[in-house]
Amino acid sequence: RGSACQPGRMLALKEGGRTTGVAYRLPDATLEEELSLLWKREMITGCYMPSWCKLELDDGRTVNALVFIMDPRHPLFEADTRAQVIAPLIATASGPLGTNAQYLFSLDQELTRLGMRDDCLNELVSRVRALLDGAQPDSPLTPGFA
C-alpha cells in the first residue's frame with residue numbers, strides 16, 4: 001500500500017518477540033494452491049524471513065505454523081516504530097493496492113471484530129486519522145495525545 005517514492009508501512013513480526021493473534025489452517029484439498037498464493041503475496045518484496053514456529057492455540061494444542069518475520073536488513077525496514085514517526089508515512093502512502101491508511105483502518109476494524117485490542121495500534125490509528133483530518137496530532141487541542 002505504497003510506492004517507491006512514498007513507501008507505506010506494514011505491521012510485521014520482529015524476530016524473538018511474542019504475540020497474540022489469529023492462526024489460519026489451510027484446507028488440505030487446496031493446500032498447495034493456497035500456500036503458493038500466500039507465498040507470492042508475502043514474499044513479493046523480499047522483506048520477510050519465512051520461518052516455522054510452534055504456536056500455542058487457545059484450546060491448548062501446539063501446532064507448527066509458517067510465519068513471516070520482518071528482515072531487519074531489508075532496505076525498507078523502519079527500526080523506529082513510534083507512532084509519531086510512522087503515522088505521517090502511513091497517512092500519505094498510496095499505491096496500486098490502495099492507501100496505506102485504509103490498510104491500517106481495515107486491520108484495526110478486523111482486530112476490533114475479533115475482540116483484540118492493541119494500545120500501540122490504537123494510538124497509530126488516532127494519529128493517522130488526525131493527520132488525514134488536517135489536525136496536528138501533537139496539538140494540545142487534539143484529544144487522546146500526550
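Counting from 1, the numbers follow the sequence of the chain as shown. Small disclaimer: the values here were computed from a predicted structure and weren't measured.
- Remark: Glu110 CD is packed, more than 12 non-hydrogen atoms of other residues, nucleotides or ligands lying under 6.0 Å away.
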**OP:** Begin with the C-alpha distance, continue with both residues' side-chain angles, and end with the deciding distance and a verdict on side chain to side chain contact (heavy atoms under 4.5 Å, CB included) for Met116 and Val22.
**Re:** CA-CA 10 Å; Met116 302 172 88; Val22 177; 4.1 Å; yes
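- In this structure, Ser51 and Ile69 approach most closely via the heavy-atom pair CB-CD1, 4.0 Å.
- Figure legend: Arg41 and Phe68 shown without cation-pi pairing, the cationic atom not lying both under 6.0 angstrom from the six-membered ring centre and within 45 degrees of its axis.
- At a threshold of 4.5 Å between side-chain heavy atoms, the hydrophobic network of Ile, Leu, Val, Met, Phe, Trp and Tyr places Leu31 and Leu37 in two separate groups.
- Placement of Leu107 and Leu97 in two distinct hydrophobic clusters is found when ILVMFWY residues are connected by side-chain heavy-atom separations under 4.5 Å, directly or transitively.
- Atom-to-atom distance recorded for Ile44:CD1 and Trp39:CH2 is 13.5 Å, nearest 0.5 angstrom.
- Here the CE-OG1 distance, from Met43 to Thr45, works out to 8.0 Å after rounding to the nearest 0.5 Å.
- Residues Asp119 and Arg117 share a closest heavy-atom pair of OD1-NH2, 3.2 Å.
- Taking hydrophobic clusters as Ile, Leu, Val, Met, Phe, Trp and Tyr residues chained together by side-chain heavy-atom distances below 4.5 Å, Met70 shares a cluster with Trp52.
- Atom OH of Tyr24 and atom CG of Leu38 lie 11.5 Å apart (nearest 0.5 Å).
- The number of heavy-atom neighbours closer than 6.0 Å to CG of Asp58, taken from other residues, nucleotides and ligands shown, is 12 or below.
- The two residues His74 and Gly46 come nearest to each other via the heavy atoms CD2-O, 3.2 Å.
- At a threshold of 4.5 Å between non-hydrogen side-chain atoms, the residues Glu33 and Pro27 do not count as touching.
- The shortest heavy-atom contact between Leu132 and Ala91 is CD2-O, 3.4 Å.
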**OP:** Could you walk me through whether Arg82 and Arg127 pass side chain to side chain contact (heavy atoms under 4.5 Å, CB included), step by step?
**Re:** CA-CA 11 Å; Arg82 293 176 298 157; Arg127 284 183 177 268; over 6 Å; no
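- In this structure, the side chain of Asn100 engages the main chain of Arg9 through a donor-acceptor pair within 3.5 Å.
- Considering all non-hydrogen atoms of both residues, Asp71 and Phe77 come closest at O-CB, 3.9 Å.
- Within the model, atoms CG of Leu104 and CG of Leu124 stand 5.0 Å from one another, a figure rounded to the nearest 0.5 Å.
- There is a path of hydrophobic side-chain contacts, each under 4.5 Å, that joins Val128 to Leu111.
- How far CD of Gln109 is from CG of Leu114: 11.0 Å, rounded to the nearest 0.5 Å.
- With no hydrogens or angles considered, a side-chain donor-acceptor pair links Ser106 and Gln102 at under 3.5 Å.
- Taking CG of Asp28 as the start and CD of Glu34 as the end, the distance is 12.0 Å to the nearest 0.5 Å.
- Among all heavy-atom pairs drawn from Leu66 and Pro50, the shortest one is CD1-CB, 4.1 Å.
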**OP:** Starting from the C-alpha separation in whole Å, work towards a yes-or-no answer on side chain to side chain donor-acceptor pair (under 3.5 Å) for Glu32 and Ser36.
**Re:** CA-CA 6 Å; Glu32 191 172 323; Ser36 178; over 6 Å; no
**OP:** Report the C-alpha distance between Asp108 and Asn122 in whole Å, list the side-chain angles of each, state the deciding distance to 0.1 Å, and finish with yes or no for side chain to side chain contact (heavy atoms under 4.5 Å, CB included).
**Re:** CA-CA 8 Å; Asp108 180 54; Asn122 292 340; 3.6 Å; yes
